[in-house]
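Just so we're clear, the structure is a prediction, and the values are computed from it rather than from any experiment. Throughout, residue positions are numbered sequentially from 1 according to the sequence presented.
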Amino acid sequence: MFDHVELNLPSLEREMIDGVRYYKVGDSDEPQKFVSITSVISHFNKEKFSAWRKKVGNEEADKITRKATSRGTDLHTLVEDYLHNRNLSDVQPISEHLFKIAKSDLNRINNIYALEGSLYSQYLGVAGTVDCIADFDGELSIIDFKTSKQPKPREWIDGYFVQCCAYACMLHELTGLSVKKFVIIMTCENGEVEIYEEYDKAKYIRLLTQYIKKFVNDKLEQVS
């Protein structure tokens, strides 16, 4: 059984505008709209994604993306069930397999503050939904669950840590809580589970600022 810690986080509605996800914050009649941190990161990496689609072809790219999305959604469902101390949902076999090989590392989590919790930052102008805020090996962490065919080189996953950093900033702004580290649990179809841990929060605050500036500047250019 996992222990849970009460934490009052906001409930935020989402809205898509021109293919970009926004979260509605504040007054229901005239809410502020904060861009999703996942949209900011996708925008920053869009050239890489476009180059990959061109390399493999649109049809194959769509197939790979659909499979990865389905696999990831199902694994998230199982992880949430498990960490909420609930019976596990019925999902596709590949996601069941991924959950089973990740289970021993999931057991390193405890004192759970949030699962799929909404967060936002007035200062940064971004919002998002964090996978997990909890202790990992006894240290308060932002935890993100990822799936892949095989482990990725660490230099490929800066965007994952930027996302974790954004959630850490939002959490501190809203609650005063400071996390010790960022944790990526990557469960892979080849049977490996890779744990990536990052303590250098300052590095990713700088990168987060770059990501947000690029998004804002590019949007301003579109309307100028």
Tell me whether Ser50 contacts the main-chain N or O of Lys46 through its side chain, where contact means a donor paired with an acceptor under 3.5 Å. yes
Take Glu116 and Asp131 through the side chain to side chain contact (heavy atoms under 4.5 Å, CB included) test and state the conclusion after the steps. CA-CA 5 Å; Glu116 290 292 311; Asp131 281 358; 3.3 Å; yes
Hey, does the side chain of Asn111 reach the backbone of Asp135 with a donor-acceptor pair shorter than 3.5 angstrom? no
For side chain to side chain contact (heavy atoms under 4.5 Å, CB included), just list the numbers for Lys146 and Thr187, CA-CA rounded to whole Å, side-chain angles, deciding distance to a tenth of an Å, and then say yes or no. CA-CA 6 Å; Lys146 300 293 185 186; Thr187 312; over 6 Å; no
Please list all pairs passing the ring-ring contact (aromatic ring centres under 6.0 Å, His included) test where one or both residues lie in residues 191-216, with sequence neighbours left out. His43-Phe215, Phe44-Tyr211, Phe161-Tyr204
Assess whether atom CD of Glu155 is packed by more than 12 heavy atoms of other residues, nucleotides or ligands within 6.0 Å. yes
About how many Å separate NZ of Lys152 and CD of Glu194, when rounded to the nearest 0.5 Å? 12.0 Å
Looking at every heavy atom in both Ala127 and Tyr120, which two are closest together, and how far apart are they? CB-CB, 3.7 Å
Test item: Lys181 side-chain N/O and Ile142 main-chain N/O as donor-acceptor pair under 3.5 Å: no
Looking at Gln122, is its backbone amide N or carbonyl O close enough to the side chain of Glu173 to form a donor-acceptor pair, meaning the two atoms are under 3.5 Å apart? yes
Same cluster (ILVMFWY, side-chain, under 4.5 Å), Leu177 and Val183: no
Say whether Thr147 and Arg71, considering side chains only, have a donor N or O and an acceptor N or O under 3.5 Å apart. yes
Among residues at least two apart in sequence or on other chains, which ones pass ring pair (Phe, Tyr, Trp, His ring centres under 6.0 Å) with Phe182? none
Output for pair (Ser121 OG, Leu171 CG), nearest 0.5 Å, gives 11.5 Å
Please list, chain by chain and in numerical order, all residues satisfying ring pair (Phe, Tyr, Trp, His ring centres under 6.0 Å) with Tyr160, sequence neighbours excluded. none
Hey, quick one: are Val20 and Leu12 part of the same hydrophobic cluster, counting side-chain heavy atoms closer than 4.5 Å, chains of contacts allowed? yes
Counting only heavy atoms not in Asn58, do more than 12 sit closer than 6.0 Å to its CG atom? yes
Is there a side chain to side chain contact (heavy atoms under 4.5 Å, CB included) between Ile133 and Ile143 once you walk through the steps? CA-CA 6 Å; Ile133 304 169; Ile143 305 170; over 6 Å; no
Yes or no on salt bridge (Lys or Arg N to Asp or Glu O under 4.0 Å) for Arg154 and Glu198, after CA distance, side-chain angles and deciding distance? CA-CA 10 Å; Arg154 192 179 181 92; Glu198 181 57 63; 2.9 Å; yes
Quick check: does any side chain N or O of Ser141 sit under 3.5 Å from a backbone N or O of Glu139, one acting as donor and the other as acceptor? yes
Can you check whether Gln92's main-chain N or O pairs, donor with acceptor, with His97's side chain at less than 3.5 Å? no
Hey, are the side chains of Asn110 and Phe136 touching, using non-hydrogen atoms and a 4.5 Å cut-off? no
Under the 3.5 angstrom rule, does the side chain of Ser42 hit a backbone N or O of Thr38 as a donor-acceptor pair? yes
Is there a path of hydrophobic side-chain contacts, each under 4.5 Å between heavy atoms of I, L, V, M, F, W or Y residues, that connects Leu115 with Leu140? no
With salt bridge (Lys or Arg N to Asp or Glu O under 4.0 Å) as the rule and sequence neighbours excluded, what pairs involving residues 72-82 come up? Asp81-Arg86
Ile185 side, atom CD1; Glu197 side, atom CD - distance, nearest 0.5 Å: 9.0 Å
Write down the atom of Ser118, the atom of Pro10, and the distance for their closest heavy-atom approach. CB-O, 3.3 Å
At their closest point, which heavy atom of Leu78 faces which heavy atom of Ser95, and how far apart are they? CD1-O, 3.7 Å
Counting heavy atoms not belonging to Lys180, are there more than 12 under 6.0 Å from its NZ? no
Report the C-alpha separation of Arg21 and Val35 in whole Å, then their side-chain angles, then the decisive distance to 0.1 Å, and conclude whether the side chain to side chain contact (heavy atoms under 4.5 Å, CB included) test is met. CA-CA 6 Å; Arg21 180 184 298 135; Val35 64; over 6 Å; no
State whether a side-chain donor-acceptor pair under 3.5 Å links Thr175 with Tyr113. no
Between Pro151 and Met186 the two heavy atoms that sit nearest each other are CA-SD, 4.1 Å
Show your working on salt bridge (Lys or Arg N to Asp or Glu O under 4.0 Å) between Glu15 and Lys33 and close with a plain yes or no. CA-CA 9 Å; Glu15 181 180 0; Lys33 294 180 181 179; 3.1 Å; yes
Please examine the side chains of Glu60 and Lys55, heavy atoms only from C-beta on, and report whether any two atoms are closer than 4.5 Å. no
Straight-line distance of Asp158 CG to Ile41 CD1, nearest 0.5 Å: 10.5 Å
Answer yes or no: is there a side-chain heavy-atom contact under 4.5 Å between Val5 and Ile112? no
Report yes or no: does Ser70 contribute a side-chain atom to a donor-acceptor pair with the main-chain N or O of Arg66 at less than 3.5 Å? no
Which distance, rounded to the nearest 0.5 Å, do you find between the OG of Ser36 and the CD of Gln163? 7.5 Å
Taking only residues at least two apart or on different chains, which pairs with a member in residues 200-213 satisfy salt bridge (Lys or Arg N to Asp or Glu O under 4.0 Å)? none
With a 3.5 Å distance limit and no angle check, can you tell me whether Asn190 reaches the backbone of Gln150 through a side-chain donor-acceptor pair? no
Within the side chain of His76, is there an N or O that forms a donor-acceptor pair under 3.5 Å with the backbone of Gly72? yes
Which atom pairs, one a donor and one an acceptor, fall under 3.5 Å between side chains of residues 98-107 and the rest of the protein, sequence neighbours left out?
unit_1 : atom_1 : unit_2 : atom_2 : d
Asp105 : OD1    : Arg108 : NH1    : 2.9
Asn107 : OD1    : Tyr82  : OH     : 2.6
Asn107 : ND2    : Lys103 : O      : 3.4

Closest non-hydrogen atom pair between Leu208 and Ala166, with its separation: CD2-CA, 3.8 Å
Among the clusters formed by ILVMFWY side chains lying less than 4.5 Å apart, do Phe145 and Ile184 turn up in the same one? no
CG/Leu119 to NE2/His172 distance, rounded to the nearest 0.5 angstrom? 13.5 Å
Could you check Thr129 against Tyr167 for side-chain hydrogen bond (donor to acceptor under 3.5 Å, both in side chains), going step by step and ending with a plain yes or no? CA-CA 8 Å; Thr129 303; Tyr167 294 140; over 6 Å; no
Does Asp3 CG have over 12 foreign heavy atoms under 6.0 Å away? yes
Sub-4.5 Å side-chain heavy-atom contact between Ser89 and Thr77: yes
Identify whether Met16 and Ile37 are in the same connected component of the hydrophobic contact network (ILVMFWY, side-chain heavy atoms under 4.5 Å). no
